[in-house]
Amino acid sequence: MANVTINKAGKHYGNFEALKGVSFDIEDGEFVVMVGPSGCGKSTLLRMIAGLEEITSGEIGIGNRVVNDLPPKERDIAMVFQNYALYPHMTVAQNMGFSLKLKGVSKDQIKEKVDRAAQILGLENLLDRQPRQLSGGQRQRVAMGRAIVRDPQVFLFDEPLSNLDAKLRVQMRSEIKELHQRLKTTTIYVTHDQVEAMTMADKIVVMRDGVIEQMGSPLELYDRPVNTFVAGFIGSPSMNFIKGEITPEGFKTPDGILLPVPDVTVKGAGTYGIRPEHLQIDPNGIEIEVVVLEPTGSETQVIAKLGSQSITGIFRERVTVRPGEKMRVTPDVSVAHLFDKDGKRIN
Ligand code: ATP
């Protein structure tokens, strides 16, 4: 196991700057998720750590070594790709043991390591099958097995669950998390799915356009996003953003609706952020007009109008109003967020 240090890492593709000098440290044994919208540079950074992409500027260290000029195979990392990249003509056991065979490890030792990984992943009965005889989830497990047998210092995952259906994705998510709890290998995981980031990470790094917007524990990001980008990216359904003015009486929307605000001294134009789960049904609350109701059984999502702006609420209790009708809600002011006109957090 090892720590990983990323120091002002930059990447140019010709004139295009894909990564603008990002820095952060990953501690030994930590599970870090890099998340962000398509094109933010997360895969590029992962590939730079793996040695599959040259580092234009800055330094990347694994353990106590700067790895900038080391080829991938000398970095002591193992990567799991989105498409698994299994050899179709090899059995599961051969796929898992292949990298060890290349290294000249003895047959007995390969068998021992493959059997151990198979046992960890529940693949014992599938070792003689070929990839085409496996389900998507089983293939995913073989790809992880191939990484485990190498006993690397760092696991790198590049969107490993993207090809799985929703149910399997949830299952594999907890399997990867459990695997990490068991092996405690430093892990860097790239995804565009904020739910994966929230549920798996010790630390999340949120990226946009080649820079880090914020990093911290999942709940730090959920509770205190530094700007509207992170606030809107983390949490599902997304935080409501209501435009208006911070005044001494409260937050005033252009329609003259007054929302209660956290204690701030700043005044002027801004954005009021409230998560759908932080609205409560309240007969004395603020009037909203229901547009769409989406009951899931356990809860109801209400998409509504607050004056001329859109607002979404999620309620555990049954909602009896119908589209076009009014209901009253109150935002929980203790978890309301205020952002300035540039989208920066001010409370
Ligand atoms: P996605 O989730 O879509 O994979 P990403 O955040 O992982 O997105 P990267 O693949 O890291 O994004 O790409 C970052 C930026 O660099 C993108 O704008 C992409 O078009 C650009 N880019 C990536 N690879 C190359 C390349 N080989 N040549 C030129 N530009 C590239």
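These figures come from a predicted structure and were not determined experimentally. Note that ligands are numbered from 1 as they come in the structure, with each ligand's atoms numbered from 1 the same way.
Classified by interplanar angle (parallel below 30°, tilted 30° to 60°, perpendicular above 60°), the ring pair F233/F229 is parallel.
Note: F98 and Y87 meet the aromatic proximity criterion, with ring centroids under 6.0 Å apart.
Shown in contact with A18 at under 4.0 Å from a heavy atom are these atoms of ligand 1, numbered in order with element: 15 (C), 16 (O). In summary, the atoms of ligand 1 found under 4.0 Å from a heavy atom of P37, numbered by their order in the structure, are 6 (O). For ligand 1, the atoms lying closer than 4.0 Å to a non-hydrogen atom of F16 are 15 (C), 16 (O), 18 (O), 21 (C). Each of the atoms 1 (P), 3 (O), 5 (P), 6 (O), 8 (O), 12 (O), 14 (C), 15 (C), 17 (C), 18 (O) of ligand 1 lies under 4.0 Å from some heavy atom of G39. Within the listing of ligand 1, atoms 2 (O) sit less than 4.0 angstrom from a heavy atom of E159.
Atom 22 (N) of ligand 1 has Y13 CE1, 3.3 Å as its closest protein atom, hydrogens excluded (heavy atom only). What sits closest to atom 10 (O) of ligand 1 on the protein, heavy atoms only, is S43 CB, 3.8 Å. Here the heavy atom of the protein found nearest to atom 3 (O) of ligand 1 is S38 OG, 2.6 Å.
Under 3.5 Å, the side chains of T91 and R129 contain no donor-acceptor pair of N or O atoms. No hydrogens or angles considered: a donor-acceptor pair under 3.5 Å links the side chains of S334 and D332. Side-chain contact, E159 with Y189: no donor N or O sits under 3.5 Å from an acceptor N or O.
The backbone N or O of P260 lies less than 3.5 Å from a partner atom in the side chain of Y272, making a donor-acceptor pair.
Selection from T44, V190, L45 by nearest heavy atom to atom 9 (P) of ligand 1 gives T44.
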Quick one: do K111 and D115 satisfy salt bridge (charged side-chain N to carboxylate O under 4.0 Å, His left out)? Show the steps, please. CA-CA 6 Å; K111 183 169 180 337; D115 285 349; 2.6 Å; yes
Criterion salt bridge (charged side-chain N to carboxylate O under 4.0 Å, His left out) on K305 and E289, from CA distance to verdict: CA-CA 5 Å; K305 286 268 174 215; E289 185 183 330; over 6 Å; no
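The one candidate from K344, Q214, R345, E213 that meets the side chain to side chain donor-acceptor pair (under 3.5 Å) condition with N227 is E213.
Taking a distance limit of 4.0 Å, we find that atom 31 (C) of ligand 1 is approached by some protein heavy atom.
Where the criterion is an N or O separation shorter than 3.5 Å, residue side chain and backbone included, K42 meets it with respect to ligand 1.
When non-hydrogen atoms are compared, ligand 1 lies under 4.0 Å from neither the backbone nor the side chain of M207.
G210 does not count as a contact of ligand 1, since none of its heavy atoms falls under 4.0 Å from the ligand. Residue contacts with ligand 1 do not include G36, since none of its heavy atoms lies under 4.0 Å from the ligand.
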